[in-house]
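Just so you know, these numbers come straight off a predicted model, no measurement behind them.
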Amino acid sequence: MKKLIIFTGIILSFFSLFITSCDIDIVDSEYRPAPSVKTQENYITVSFEKISTSTKRITVYRYNASSETPGNSDKGINIGFVLPQNSPDASAYSFHDTYAKAGRNYCYRIRYYSADDNYVYSKWSKEITVTSTNGITYDLMLDDNTIDYNSTTNIVTLANAIEWNSDSQADTIKDDFTDIYLSLRCYEPQTSNLLYSCLVPLSASQVSAAETINMRAILPSAYFDNEVEILGFVGVKVNTIELDDEDVPYYYNFTEPSSITSNAERIKISSTSGNGELDYL
């Protein structure tokens, strides 16, 4: 299994998470029962069992059955995760897929990550159809999705501002996201083998019109001296739960990444101290 890492801002700095917006191959010979799925108004509820008190993180994968072929049925996109330790008395868990898109057919799968670094997968759920009444199209859209990378300054310039787009909530969609992240992949230069995949947090000013992103300042330390691919932007929403009279993170939702066009297929930045990182495997 390839290693995946995420690098978080202050709000996420006190615990480890697993966040990736890339397609991944899932191969496993032992599966837990499939999650149950149910349509609600404006979201899909994904419910699944509790298998152990040592589970640290539960990742939810979504498979687009509308466009994928049966031969790709083991592929899924990470759409978020649950932190079970923040709901220790729960006998089962639920995840709300608030970014399901109307007109698509989805299947869902669960991955459990335990304290001893073991992974357990569930089977894929039954296929569910998202209708116009229980699906809202949330996207990170760009007026112009082109970015320009300067290899001398290590600066990325956005051609235009990110616009939050929703078919039914155009005026309030900005409030639906906690943070915006930049999705990156890291490859070994000699072999082009994928080493890491991560999300890097961005400030609001970094995604405004004509603003720039200093890649040297935000790049994880493990990515230096390797080839880095910029994949797109991801919206992240943090959902909280009360634990010991405090609101704590419970589960996270991810949008599908917005695609971008870059003047550089991959970039490479020489070694420096880099940012600190959290391991999400």
(request) Indicate whether the side chain of Asn118 and that of Tyr112 have a donor and an acceptor atom separated by less than 3.5 Å. (result) no
(request) Calculate, to the nearest 0.5 Å, the distance between atoms CG and CD belonging to Leu195 and Glu227 respectively. (result) 10.0 Å
(request) Answer yes or no: is there a side-chain heavy-atom contact under 4.5 Å between Thr240 and Tyr250? (result) no
(message) So which atom in Phe95 and which in Tyr252 form the shortest heavy-atom distance, rounded to 0.1 Å?
(response) CE1-O, 3.3 Å
(request) Test ring-ring contact (aromatic ring centres under 6.0 Å, His included) on Tyr31 and Tyr121 and set out the steps. (result) CA-CA 5 Å; Tyr31 303 120; Tyr121 295 93; 7.4 Å; no
(message) Using every non-hydrogen atom in the two residues, find where Val82 and Phe48 come nearest and quote the distance to one decimal.
(response) CG2-CZ, 3.9 Å
(request) List the atom of Met215, the atom of Val156, and the distance in Å for their closest heavy-atom pair. (result) CG-CG2, 3.6 Å
(message) Rounded to the nearest 0.5 Å, what separates atom CG in Leu199 from atom CG in Leu182?
(response) 8.5 Å
(request) Tell me whether the guanidinium CZ or amine NZ of Arg109 lies under 6.0 angstrom from the six-membered ring centre of Tyr61 and within 45° of its axis. (result) no
(message) Evaluate Tyr108 against Trp124 for ring-ring contact (aromatic ring centres under 6.0 Å, His included), listing each step before the verdict.
(response) CA-CA 5 Å; Tyr108 294 84; Trp124 284 103; 8.3 Å; no
(request) Could you tell me the separation between the OG atom of Ser151 and the CD1 atom of Ile267, rounded to the nearest 0.5 Å? (result) 10.0 Å
(message) Is there a path of hydrophobic side-chain contacts, each under 4.5 Å between heavy atoms, that joins Ile260 and Ile155?
(response) no
(request) Mark yes when over 12 heavy atoms from residues, nucleotides or ligands other than Lys126 sit less than 6.0 Å from its NZ; otherwise mark no. (result) no
(message) Tell me if a side-chain donor or acceptor on Thr55 pairs with a main-chain N or O of Ser52 at a distance below 3.5 Å.
(response) yes
(message) Tell me whether Ser122 contacts the main-chain N or O of Ala34 through its side chain, where contact means a donor paired with an acceptor under 3.5 Å.
(response) no
(message) Name the residue from Val200, Ile218, Asn154 that meets the side chain to side chain contact (heavy atoms under 4.5 Å, CB included) definition with Ile213.
(response) Ile218
(message) As an exercise, state the distance from CZ of Phe224 to CG of Asn226, rounded to the nearest 0.5 Å.
(response) 10.5 Å
(request) Return yes if some donor-acceptor pair links the side-chain N/O of Lys56 with the main-chain N/O of Gln85 below 3.5 Å, else return no. (result) no
(message) For the backbone of Glu188 and the side chain of Asn193, can you confirm whether one donor and one acceptor N or O come within less than 3.5 Å of each other?
(response) no
(message) Whether the Asp148 and Thr157 side chains hold a donor-acceptor pair (N or O, under 3.5 Å, no angle test) is what I'd like checked.
(response) no
(message) Could you measure the distance from the CZ atom of Arg266 to the SG atom of Cys186? Nearest 0.5 Å is fine.
(response) 9.5 Å
(request) Answer yes if the side chains of Tyr106 and Asp97 hold a donor-acceptor pair under 3.5 Å, and no otherwise. (result) no
(request) Any chance you could lay out the side chain to side chain donor-acceptor pair (under 3.5 Å) test for Ser47 and Ser94, step after step, and finish with the verdict? (result) CA-CA 4 Å; Ser47 301; Ser94 292; 3.2 Å; yes
(request) For a side chain to side chain contact (heavy atoms under 4.5 Å, CB included) with His96, tell me which candidate from Asn239, Thr45, Val60, Val46 qualifies. (result) Thr45
(request) Search all heavy atoms of Arg216 against all heavy atoms of Asn214 and return the closest pair with its distance. (result) N-OD1, 3.1 Å
(message) Using 0.5 Å steps for rounding, measure from the CG atom of Leu83 to the CG atom of Leu243.
(response) 11.5 Å
(request) Return yes if a side-chain donor-acceptor contact under 3.5 Å exists between Glu229 and Tyr187, otherwise no. (result) yes
(message) Between Ser66 and Asn105 (side chain of the first, backbone of the second, donor and acceptor by atom type, cut-off under 3.5 Å), is there such a pair?
(response) yes
(request) Determine yes or no for a side-chain-to-main-chain donor-acceptor pair under 3.5 angstrom, with Ser262 supplying the side chain and Ala264 the backbone. (result) yes
(request) Give the minimum heavy-atom separation between Ala222 and Tyr196, together with the two atoms involved. (result) CB-CE1, 3.7 Å
(request) For residues Tyr223 and Cys198, determine if any side-chain heavy atom of one lies less than 4.5 Å from a side-chain heavy atom of the other. (result) yes
